[in-house]
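Reading through the structure tokens given below for one structure.
A quick note: this is a predicted structure, and the numbers were derived from the prediction, not measured. Counting starts at 1 for both ligands and their atoms, following the listed order.
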Amino acid sequence: MKHFFNFLIFNVLFASCNSQTDIKNQSPNSESKPLNIVYIMADDHAYQAISAYGSEISKLAPTPNIDRIAVGGAIMNSVFCTNSICGPSRASILTGNLSHVNGFYKNVNGGDFDGSQQTFPKIFQENGYQTAVIGKWHLGTTPTGFDYSKVLVNWGGQGTYFHPQFSINGKEKVKEKNRHSTKVIEDDCIDWLSSRDTTKPFMLMYQFKVPHRDWRPDSIYHDLYSDFDFPEPSTFNDEYGGRIAASENMMEIENHLNRRDLKLIAPSGMSRRDSMQWLSYGDNGQFWTPNDTLQGMELKKWKYQKYIKDYLRCIAGVDRAVGTLLDYLDSNGLTENTVVVYTSDQGFYLGEHGWFDKRWMYEESFKMPFLVKNPRLIKPGTKSNELIMNIDFGATLLDFAGIEVPKNIQGKSFKAVFENDNFIGRDAVYYHYYEYPKWHKVQPHYGIRTSRYKLIHFYYSLDTWELYDLENDPNEMNNIYSEASKELIESLKSRLADLKKEYKDDFSIEEMKLMTDTVIQRVYNEPSKWKNKN
Ligand code: SGN
Ligand code: CA
């Protein structure tokens, strides 16, 4: 217990010493024009749904504009999230620190992000950059470190696809009446870029709500992909043998998609409360079928097609919006001196293991898509398998811009990957997920992944280890923990212990369970004074 509260004190000290960092006014670099940054992030965009990554479904639903970033720059194949849910990933990206250090480690009962901490946008701002964040934020507190913010605030900070509500600079609230959320964010970004102070460089965070559950595309995409079906992934009918934690999940396409997800319409005449209940039927595994003849495997396949098509239709909107931005940079002479990143707050399941959602340290939700263009540095068509974590993003962007990277963050710049063919980076990445049981009943776990192996410990109401050989079993269907050599397990456990120490995450199991159980109220989300106003 004492140790757990030490962790809170540690954060406070950390935050106050961070604010002392003085890295003012280093010149952006030797080139005549300063380097701008556009950081684009979607919500729950799986790498399998970006055609640059080459999956079968992405061949049928390509993303030509997002791919332009990879063509003109680099595609990173081994970028990992350190806690695969929305707020925690965003907090780690902003601070360069793991969840237990920045304090935002759960979405549910996890409180609000402490915006007084050092973040990479603040450092850009202190170095003369104009900074803005537009779109999804989902951290409760008003964004800090930005000259301009316009972020989604309704539906618990998730925002909605239609009639989304935004807060501008934490003061003014606006509700969109007509446009789909992607279109609003797309237009707002171009408006901000067009009206910016052109005497200063800029750092813009362009963050979409899509393709988050419940996957509602703009009506202009309703007919897309309606004349064919997408193939199901090879692990679609996984039965979770040898993986107890996975077998307890509540995120199966077959059993946990609700009526709202599949766009059923509640019977007319119901009260709002009853219709909400009717629509969320299925969340807890309640059986339903849209018509009595659709049953069994046919029903599961039907659900998958509904899900994947709406998901990919949402992506079509993002791809368009990325194209709009890239075209704007081209036609305003900005392409050569602007870094463009495309990523997602975490990965996502598109039917692999029979799932939707994220959270697990298994590849599809652990791995983040990451495409980056920096015309001054990165050779077009670069491919990298370097092991990167989301805590590295801010450091790398600062480093690209020639701004000193603070020493007191856990992330590291990976700029050298693009400069030096012999660069030796990390030998392993670290992961820790805490939220339980809501949503989707994923047991808290931590682990280590090297380029070949992955070792996971589920510790909350289980005590089980899993080990995967990613070279021979890339789909992680075969937990080899009980049959692997003692030497292999010992060497991975010893490296994992080193990482826990290095990242100051060496709490006892009891303390970690307490972190899961601790209820930290949200204070800032949807201030009550807004609730009844339009
Ligand atoms: C909502 C979703 C969950 C999802 C979480 C977290 N349910 O609660 O399915 O896992 O968000 O997503 S919903 O029925 O309300 O859509 S995250 O991206 O914010 O982490
Ligand atoms: Ca997310």
Side-chain angles (χ1 to χ4, degrees), residues 40-47 49 80-94 99 104-113 135-140 151-162 164 181-182 205 207-216 249-253 255-264 266 275-286 303 307 310-311 314-315 318 342-350 355-360 364-370 390 433-444 522 525-526:
I40 314 173
M41 183 157 72
D43 191 7
D44 296 356
H45 192 170
Y47 64 86
F80 297 96
C81 194
T82 47
N83 181 359
S84 176
I85 42 169
C86 188
S89 175
R90 288 160 199 263
S92 284
I93 290 167
L94 288 168
S99 297
F104 198 94
Y105 61 95
K106 300 183 290 186
N107 275 349
V108 175
N109 296 329
D112 301 289
F113 176 62
K136 181 153 174 182
W137 176 249
H138 204 200
L139 290 168
V151 295
L152 289 159
V153 286
N154 61 330
W155 203 255
Q158 297 276 10
T160 41
Y161 281 100
F162 297 97
S181 91
T182 303
M205 299 185 85
Q207 308 193 146
F208 298 101
K209 182 218 162 27
V210 298
H212 191 276
R213 191 180 185 188
D214 54 352
W215 317 293
R216 290 191 184 260
N249 83 87
M250 288 180 69
M251 49 193 270
E252 290 166 19
I253 286 173
N255 298 313
H256 305 104
L257 284 174
N258 63 34
R259 289 171 173 147
R260 179 193 285 110
D261 295 328
L262 296 163
K263 317 299 173 316
L264 271 73
S275 78
M276 294 295 259
Q277 238 177 25
W278 191 91
L279 289 169
S280 62
Y281 195 78
D283 274 348
N284 297 320
Q286 307 97 323
K303 288 183 178 178
Y307 161 59
D310 278 344
Y311 181 95
C314 288
I315 304 288
V318 183
Y342 187 89
T343 187
S344 166
D345 58 345
Q346 6 68 205
F348 211 70
Y349 294 93
L350 302 182
W355 290 337
F356 64 97
D357 214 68
K358 52 255 180 180
R359 297 157 194 274
W360 303 95
E364 292 84 356
S365 48
F366 183 31
K367 187 165 142 181
M368 306 165 84
F370 198 92
N390 61 352
Y433 170 81
Y434 304 84
E435 188 175 292
Y436 185 83
K438 228 179 163 188
W439 291 71
H440 307 299
K441 221 169 163 225
V442 173
Q443 288 275 345
R522 280 209 115 157
N525 215 22
E526 280 191 285

Under 4.0 Å to a heavy atom of Ile85 - the qualifying atoms of ligand 1, by number: 20 (O)
Side-chain donor-acceptor pair present, Tyr281, Arg259, cut-off under 3.5 Å: no
Under 4.0 Å to a heavy atom of Asp44 - the qualifying atoms of ligand 1, by number: 18 (O)
Gln346 N/O/S atom closer than 3.0 Å to the Ca ion (ligand 2): yes
Minimum non-hydrogen distance to atom 1 (C) of ligand 1, winning option of Arg359, Lys358, His212: His212
For atom 11 (O) of ligand 1, the protein heavy atom that lies nearest, with its residue and separation: Gln158 NE2, 3.2 Å
His138 neighbourhood, listing ligand 1 atoms whose heavy-atom distance to it stays under 4.0 Å: 19 (O)
Minimum-distance atom from the Ca ion (ligand 2) among N, O or S atoms of Asp43: OD1
Asp310 and its salt bridge (Lys or Arg N to Asp or Glu O under 4.0 Å) partner, picked from Lys303, Arg216, Lys263: Lys263
His45/Tyr342 aromatic ring centres below 6.0 Å: yes
Considering only N, O or S atoms of Asp44, the one closest to the Ca ion (ligand 2): OD1
Asp44/Lys358 salt bridge by N-O under 4.0 Å criterion: yes
Part of Asp43 within contact of ligand 1 (heavy atoms, under 4.0 Å): side chain
Structural part of Asn107 in contact with ligand 1, heavy atom criterion under 4.0 angstrom: side chain
Ring centres under 6.0 angstrom apart (His440, Phe356): yes
Shortest-distance N, O or S atom of Asp345 relative to the Ca ion (ligand 2): OD2
Asn107 side chain to Gly87 backbone, donor-acceptor under 3.5 Å: yes
Heteroatom proximity flag, Arg213 to ligand 1, N/O under 3.5 Å: yes
Evaluation steps, side-chain hydrogen bond (donor to acceptor under 3.5 Å, both in side chains), between Thr82 and Asn390: CA-CA 7 Å; Thr82 47; Asn390 61 352; 2.8 Å; yes
Exam field: side chain Thr343 to backbone Pro369, donor-acceptor pair closer than 3.5 Å: yes
Test log, rule salt bridge (Lys or Arg N to Asp or Glu O under 4.0 Å), inputs Arg522 and Asp112: CA-CA 6 Å; Arg522 280 209 115 157; Asp112 301 289; 3.3 Å; yes
His440 and ligand 1 - part of the residue with a heavy-atom distance under 4.0 Å: side chain
Any donor-acceptor N/O pair, Ser365 side chain to Trp360 backbone, under 3.5 Å: yes
Nearest neighbour of atom 8 (O) of ligand 1 from the list Trp439, Trp155, Trp215, on a heavy-atom basis: Trp439
Any N/O pair Cys86/ligand 1 closer than 3.5 Å: yes
Per-atom contacts, ligand 1 versus Asp357 - under 4.0 Å to a heavy atom: 4 (C), 9 (O), 10 (O)
